[in-house]
Amino acid sequence: MREIVTIQVGEFANYIGSHYWNFQDELLGLAEEPQGDPVYKSSSLNMDVLYRSGETAQGILTYCPRLLSIGYKGTLGSLSSSGSLSPRISQPDTSEIVTWPGNVTRYTAEPREKNIFLQSLCEEETANLTSKVTDQGSSHPQRQITDKERIECLENGVQYWTDFSKVQFHPRSLYELHGSWTDVEKFDNYGIGEEILSAGFQSEEMNERLRFFIEECDHLQGIQFIVDDSGGFSAIAAGFLEDIADEYSNTPVLLYSARSPASYKLGKSPKESVSRALHDAVSFSRLSSCCKLMVPVGLPSLSRSRFSSTLSVEDQKLFHSSAIYAASIHSVSIPFRMESHGVNAESLYISGAMDVGGMVQMLAGQARQNMITILDLAMPAQFLNDANNQSTILRSLCSLTPEIEENNDDLHSIESLIVHGAFSGGRRASISEVEKYIQTEYQNELPRPMAYHLTAASCPLPIPLPFPSIFNNRVGRRGELSTTRLGGAERRGSLEVESVPMAARLRSSSAVKPIIERRLGNLHRYGLQRGALGVELLRSWGFSKEEVEDMGEALRKMMMLLDPNADAASSEFDSD
């Protein structure tokens, strides 16, 4: 068994992570259902890759995500930073400690109340613990909360990522940053994150928590890292990644740099626009230098993208948009936790296992050494050989990576495709059917990638109750796509859709050139040209001219790896 440690840094990253762990929790629950679907019981997915077994001080066995989550202080909602397995720790009474001779005013914040969904989880847990005890003294039994009420509560009232989490966390998993800022809106640039890191002790605390999870691993295969890179958390993640590279140099890091639709707001002034452009350039340069493979995700709008043909996403709700990115990361992680059946053995449920290092080597370790990768998704994926749908799985994939070059005919592209839970006709497709179907698709695809790797699994994406109602009424109970609108509500969620077939693809392609080119151009325009408007801003963020020049050189090398002719174009910046 080869373990993975997951790290989530920033608000949107934690929203994504909350959905991601809900998917895993749902898989665990379905596997234990006596009358459940056999595909969940025999999925051949080893959950120990992502989870750790433990025991509380009271001797209760636990099974928790191998996770480190980092966020603002005060953004855990009703959850304590000590996790859900430990009682909320009360603060010591310091009223008798005399360090100030003047008057003292004491302010106490009451713990945030749980919403209806979290209350119902607590009631279920209590009922399970006391199921053998008969309540003889209660003449007014408590009213049961309906699933519809839970869903309505989440659709209309999510304020924190913990509001819809049904997972138990280890006491070392949740870390709140200490800082002096009071307005989250101001935590919007790289420099503020650098200020937080300069305190020193916070980096040490984060490293110590990570060390705890890594040292208990038998054979760590890699780190799955998700960062909200739209503001100061980008700098915190870059500093953390540098420490990881120093201490665990042989451990591959798969980095998802994520942004919510709300982060694409325009600057209110020219100064804010310059700050935004420089943040994007610095963040991209620093993060990409600290990992083995970087996957930028986060469209300005999901509701106006190609996903709108099957999904009805409200862009302003982090609860909605984060669910799509979580589903894609879940799909990408499937080959990392497939149980090995030997070199020549075949499985009825999986094929194409690969660890994190193998994925990184395949996509970023080839001759071109391109480590910026595109993430595409089909949710739900097309049924195989479905006469009602003229599209194919490959052509139905939509990019979750912004700013890429559309219709890019890159003959040197390399792809890793994951298909799971696929259906053929009215039944679940066999692994061999999926393999044959995808092989035929690639043979008919023009242009074809230079190389591709297919991972296939029978287990679909389960839709847990906290999942938002974002499927439109073309999506059926098992994720089948109808050419006409189905009856019922316009938006469908976990009460109407129980699972969906999925297809996700990581793609190493020169189509990422616009991402790099834009950041390289902005760095020169605002940070390096004579009289550039952002020189002082970069200096206030702690960057010398030499460091900015190094970042520019690193971005230019990325461009040259993808397009050797780009050197002539980038030299125009140097002549300014």
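Note that the coordinates shown come from a computational prediction; the quantities given were computed from them, not determined experimentally.
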Closest heavy-atom contact between Lys292 and Ser249?
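Where Lys292 meets Ser249 most closely, the heavy atoms are NZ-O, 4.1 Å.
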Without hydrogens or angle criteria, can the side chains of Tyr452 and Arg505 be said to hold a donor-acceptor pair below 3.5 Å?
no
[Y]/[X] salt bridge by N-O under 4.0 Å criterion:
| X | Y | result |
| --- | --- | --- |
| Glu314 | Lys317 | yes |
| Arg518 | Glu403 | yes |
| Asp229 | Arg259 | yes |

So, Ser396 side chain and Thr392 main chain: donor-acceptor pair closer than 3.5 Å or not?
yes
Sidechain-backbone polar pair: Asp37 side chain, Tyr40 backbone, donor-acceptor under 3.5 Å:
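The answer is no, because no donor-acceptor pair under 3.5 Å joins these two groups.
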How far does [atom1] of [X] sit from [atom2] of [Y], to the nearest 0.5 angstrom?
| X | Y | atom1 | atom2 | answer |
| --- | --- | --- | --- | --- |
| Asp280 | Ser230 | CG | OG | 9.0 Å |
| Asn407 | Ile404 | CG | CD1 | 9.5 Å |
| Thr484 | Leu486 | OG1 | CG | 6.0 Å |
| Phe307 | Ser312 | CZ | OG | 13.5 Å |

Check each of Tyr20, Phe319, Phe164 against Tyr15 using the ring pair (Phe, Tyr, Trp, His ring centres under 6.0 Å) test, and report the only one that passes.
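Going through Tyr20, Phe319, Phe164 one by one, the ring pair (Phe, Tyr, Trp, His ring centres under 6.0 Å) with Tyr15 is satisfied by Phe164 alone.
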Is the charged tip of Arg66 near the ring of Phe213: under 6.0 Å from the six-membered ring centre and within 45° of its axis?
no
Mind running side chain to side chain contact (heavy atoms under 4.5 Å, CB included) on Gln382 and Arg395 for me, showing each step along the way?
CA-CA 10 Å; Gln382 303 282 351; Arg395 293 181 182 177; over 6 Å; no
Looking at Arg304, I'd like to know if its CZ atom is crowded, meaning that more than 12 non-hydrogen atoms belonging to other residues, nucleotides or ligands lie closer than 6.0 Å.
no
Within 6.0 Å of CD in Glu490, more than 12 heavy atoms from elsewhere:
no
